[in-house]
Enquirer: 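Below is one structure. I have some questions about it.
We count ligands from 1, going down the list as the structure has it; atoms in each ligand are counted the same way. Positions are given from 1, in the same order as the sequence printed here.
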Amino acid sequence: MKFGYFDDQNKEYVITTPQTPLPWINYLGSEDFFSLVSNTAGGYSFYRDARMRRLTRYRYNSSPLDMDGHRIYIKDGETVWNPGWQPTKTPLDSYSCRHGLGYTILEGKKDGVTARQELFVPKGDACELDRVTVCNGSTVVKELDLFSYVEFCLWNAVDDSTNFQRNYSTGEVEVEGGAIYHKTEYRERRSHYAVFWANCPVDSFDTTRDAFCGVYGGPADPQAVRAGQCSGSIAHGWAPVGALHIHLTLAPGESHSILFGLGYIENPQQEKFIAPGVINKTRAHAMMERYATDAQVDAARAALRTHWEQLLSTYHLESGDEKLDRMVNIWHQYQCMVTFNMSRSASYYESGTGRGMGFRDSCQDLLGFVHIIPSRARERILDIAATQFADGSAYHQYQPLTKKGNRDIGTGFNDDPLWLIAGTAAYLRETGDWSILDEQVPFDNDASKAQSLMEHLRRSFNFTCTHLGPHGLPLIGRADWNDCLNLNCFSEHPGESFQITGPSEGPVAESVFIAGMFVKYGHEYAQLCDHLNLTEEAAAARKHIDAVEQATLTAGWDGAWFRRAYDAFGKPIGSKECTEGQIFIEPQGMCVMAGIGKESGQAAQALASVEERLDTKYGVVLLQPAYTSYQLNLGEISSYPPGYKENAGIFCHNNPWISCAEATLGHGDRAFAVYRKTCPAYIEDISEIHRTEPYVYSQMVAGKDAPTFGEAKNSWLTGTAAWTFFNISQYILGIQPTLDGLKVDPCIPHTLSGFTVTRRFRGAVYHITVDNAAGVQHGIKAVTVDGKAISGNVLPLAAAGTEVTVQVTMG
Ligand code: BGC
Ligand code: NOJ
């Protein structure tokens with residue numbers, strides 16, 4: 001069943017009922033100011049950091065669901081309704097929600113009145129704009145009361161939801177004309193405030209929740225709206241809100257637009273106040289003036305559209321398969337931008353208060369983002385590297401506002417260092433900007449300990465070399481990519497962190513997955529050394545890599561697939577010797593991508609085992625058989641009921657690894673079959689089973705052992721975004737940036753007779769046509785550039801500003 005449809009022309013998903021199986025959201029903003037907005041206008045806003053600069057409140061696990069947001073109420077006689085249906089839930093005569101690139105448009109109709117709420121964050125500004133257009137389509141004059149409402153968060157989202165004895169006394173506001181200034185803690189150590197305004201005079205306002213909603217009321221039935229009038233309340237502590245009311249008289253056929261804004265302003269310390277206790281509003285006034293008229297708002301919308309068109313023009317596909325084209329050209333890349341911005345911090349499932357930016361997460365996000373805005377990828381790489389320690393290990397997470405490593409979770413995730421090589425190498429392949437390796441980057445955010453980025457990568461590589469276990473395989477530490485395989489933790493007490501309980505380093509537990517990573521990204525590191533003429537270092541690196549590869553093919557091999565790990569007692573995990581957890585997805589994907597066992601046939605055998613044992617109709621599950629009870633030596637993985645999350649869920653992130661691995665072996669049919677199973681556009685029809693948004697990936701789909709097989713959870717913020725785009729764009733369609741130029745090496749289903757890709761690369765545009773009349777899955781017969789045959793399939797670098805035509809014949 002579907003709850004909407006794709007509008008590819010406008011690059012939108014159009015939701016046609018407010019009662020989707022779960023709130024279906026969108027992200028507004030891609031620089032400093034962000035809002036999450038659901039299909040009923042629920043959501044929240046923050047500036048840069050969802051924990052430390054939260055502008056509006058959100059209660060994640062509330063019942064009813066999704067009650068907090070940027071709400072528009074319309075009172076028409078005795079009827080009160082919202083254009084997005086929530087929170088009054090007054091039945092609408094018609095409803096639609098268009099989630100587009102950085103904007104959302106809700107439109108509701110009731111008793112002849114149409115209200116359209118258009119939300120976006122303009123480029124280059126720290127505010128959310130909500131333009132509300134009300135149209136009287138009836139035959140009578142309408143007297144309407146319009147209310148716009150938000151509930152402020154007192155900046156620190158953790159304190160705001162826990163420390164009530166203090167924060168019920170700190171809330172402060174100022175009101176000036178049609179603008180409400182939220183200035184809690186501005187009197188002391190903050191020099192930022194929020195402004196909530198309308199671009200026209202208002203008839204009344206409220207700034208306390210008690211006055212607007214009623215002490216025992218709520219957003220579903222605010223007493224001020226029922227009364228048709230706010231009371232002019234001024235918040236002194238408790239819960240400050242912004243509520244603006246405008247009365248409209250509309251003749252039949254008449255319509256009227258009002259702009260509501262929610263902005264974030266920072267003042268220099270010496271310019272904080274204009275009088276004792278009175279905030280300096282100059283910057284807020286300037287912000288309001290930028291969006292005073294409809295024409296200005298239209299221009300800001302148009303600029304946003306142009307921005308996205310330009311971003312998406314870097315990689316454009318025409319394949320004849322509309323689902324594939326819409327994913328590649330719109331939704332994959334859009335989700336890559338969002339995951340790049342958010343890492344795993346703020347969604348409807350991530351509270352924004354816990355995780356901040358993940359080291360491994362953000363490094364992987366680069367794989368799908370680096371072509372979109374390389375300069376931002378560059379900055380991110382340097383930020384991430386600055387949270388590495390001098391021994392090559394790394395903070396597992398850092399806070400976006402301070403860019404400082406998070407000491408609570410600390411270090412000890414032994415895959416982390418290698419992901420820095422992965423992200424940096426991807427950046428170099430895309431840009432050829434070797435200067436990044438010379439940048440001086442601190443260790444542990446301490447500028448006195450700065451070294452070149454190349455030295456950081458060297459230490460990443462050496463970290464694995466110096467942390468090998470009894471079988472010559474890398475030690476796992478607290479956990480590798482699979483945060484829930486906690487082999488050194490032995491957590492026995494409820495509430496303890498599975499990951500950081502126990503020693504961070506065990507001398508025995510080893511990871512075959514990290515071995516695969518070391519071979520794959522170790523080779524990428526060695527290639528960088530080659531380019532820098534570090535010949536001896538490259539040779540020495542390859543010796544280490546070969547040794548780990550050998551260990552993987554022997555101690556890491558179980559007979560028909562790669563083992564997953566060795567536990568703290570040296571017993572294999574992911575082996576036929578185990579009763580549960582005999583085979584895991586991760587090492588099969590990573591080792592085969594690294595080319596391990598390609599020659600010996602072990603790689604092909606491992607993938608055949610995946611197909612036989614792990615594949616399902618909704619995707620490839622993480623392991624089999626699922627763990628049925630908690631195992632102290634395994635940790636969190638066995639804490640989940642069978643079929644959920646890392647315990648045999650369909651973890652979407654590592655499905656593309658299998659697809660990439662199949663492509664590595666030239667299996668185009670299978671690579672695409674795996675891609676398709678979890679791909680949102682192909683499963684839109686089962687939205688009632690899948691439940692999360694049909695335009696983006698979720699972290700996990702319940703596996704075949706789960707009672708809710710096929711149901712997804714944790715949408716939006718997942719490494720799946722980057723890996724899937726990396727997979728489809730580079731492994732399957734085969735347009736691969738390399739250090740030497742763009743390489744074309746498709747591995748496609750034999751039924752796909754060809755496709756074209758337009759690729760902007762290092763300043764030039766390549767129009768690439770791939771002809772597969774031969775009906776093969778892999779292999780190239782001929783390549784011409786501007787009509788001339790070239791040898792091999794790496795395209796000569798075209799001069800910046802030029803366009804070249806490339807013809808590739810498969811066969
Ligand atoms: C989840 C993992 C996640 C980890 C982060 C676990 O509970 O299952 O997916 O990476 O928490 O701390
Ligand atoms: C989600 C985390 O963000 C990611 O870092 C981890 O690799 C996966 N879960 C698997 O546990």
Enquirer: Can you name the atoms of ligand 2, numbered from 1 with element, that are less than 4.0 Å from a heavy atom of Arg344?
Expert: 3 (O)
Enquirer: In the protein, which heavy atom is nearest to atom 4 (C) of ligand 2, and how far is it?
Expert: Asp361 OD1, 3.2 Å
Enquirer: Between Trp331 and Tyr697, does the ring-ring contact (aromatic ring centres under 6.0 Å, His included) criterion hold? Intermediate values first, please.
Expert: CA-CA 9 Å; Trp331 297 99; Tyr697 285 91; over 10 Å; no
Enquirer: Would you mind listing which atoms of ligand 2 come within a distance below 4.0 Å of any non-hydrogen atom of Glu646?
Expert: 9 (N), 10 (C), 11 (O)
Enquirer: Within 45° of the axis and under 6.0 Å from the centre of the six-membered ring of Tyr525, does NZ or CZ of Arg458 qualify?
Expert: no
Enquirer: Looking only at protein heavy atoms, which one is nearest to atom 7 (O) of ligand 2, and how far off is it?
Expert: Trp481 O, 2.5 Å
Enquirer: Considering only N or O atoms, set out every pair between ligand 1 and the protein closer than 3.5 Å, with distances to one decimal place.
Expert:
unit_1, atom_1, unit_2, atom_2, d
ligand 1, 7 (O), Glu636, OE2, 2.4
ligand 1, 7 (O), Tyr640, OH, 2.9
ligand 1, 8 (O), Tyr640, OH, 2.7
ligand 1, 8 (O), Lys645, NZ, 3.2
ligand 1, 8 (O), Glu646, OE1, 3.0
ligand 1, 8 (O), Glu646, OE2, 3.4
ligand 1, 9 (O), Lys645, NZ, 3.2
ligand 1, 9 (O), Glu646, OE2, 2.6
ligand 1, 9 (O), Gln699, NE2, 3.4
ligand 1, 10 (O), Asp483, OD2, 2.5
ligand 1, 12 (O), Gln499, OE1, 3.3

Enquirer: Is a donor from one side chain sitting under 3.5 angstrom from an acceptor on the other, for Ser347 and Tyr27?
Expert: no
Enquirer: Is it the case that the side chains of Asn655 and Tyr618 hold a donor-acceptor pair, with the cut-off being a distance below 3.5 Å and no angle test?
Expert: no
Enquirer: Salt bridge between Glu711 and Arg691, side-chain N to carboxylate O under 4.0 Å?
Expert: yes
Enquirer: Any chance the side chains of Arg54 and Tyr47 put a donor and an acceptor closer than 3.5 Å?
Expert: no
Enquirer: Side chains of His99 and Glu693: donor-acceptor distance under 3.5 Å anywhere?
Expert: no
Enquirer: Do the side chains of Arg563 and Glu577 get close enough for a salt bridge, i.e. N-O under 4.0 angstrom?
Expert: yes
Enquirer: Which one of Gln699, Arg355, His653, His396 has a non-hydrogen atom at the shortest distance from atom 2 (C) of ligand 2?
Expert: Arg355
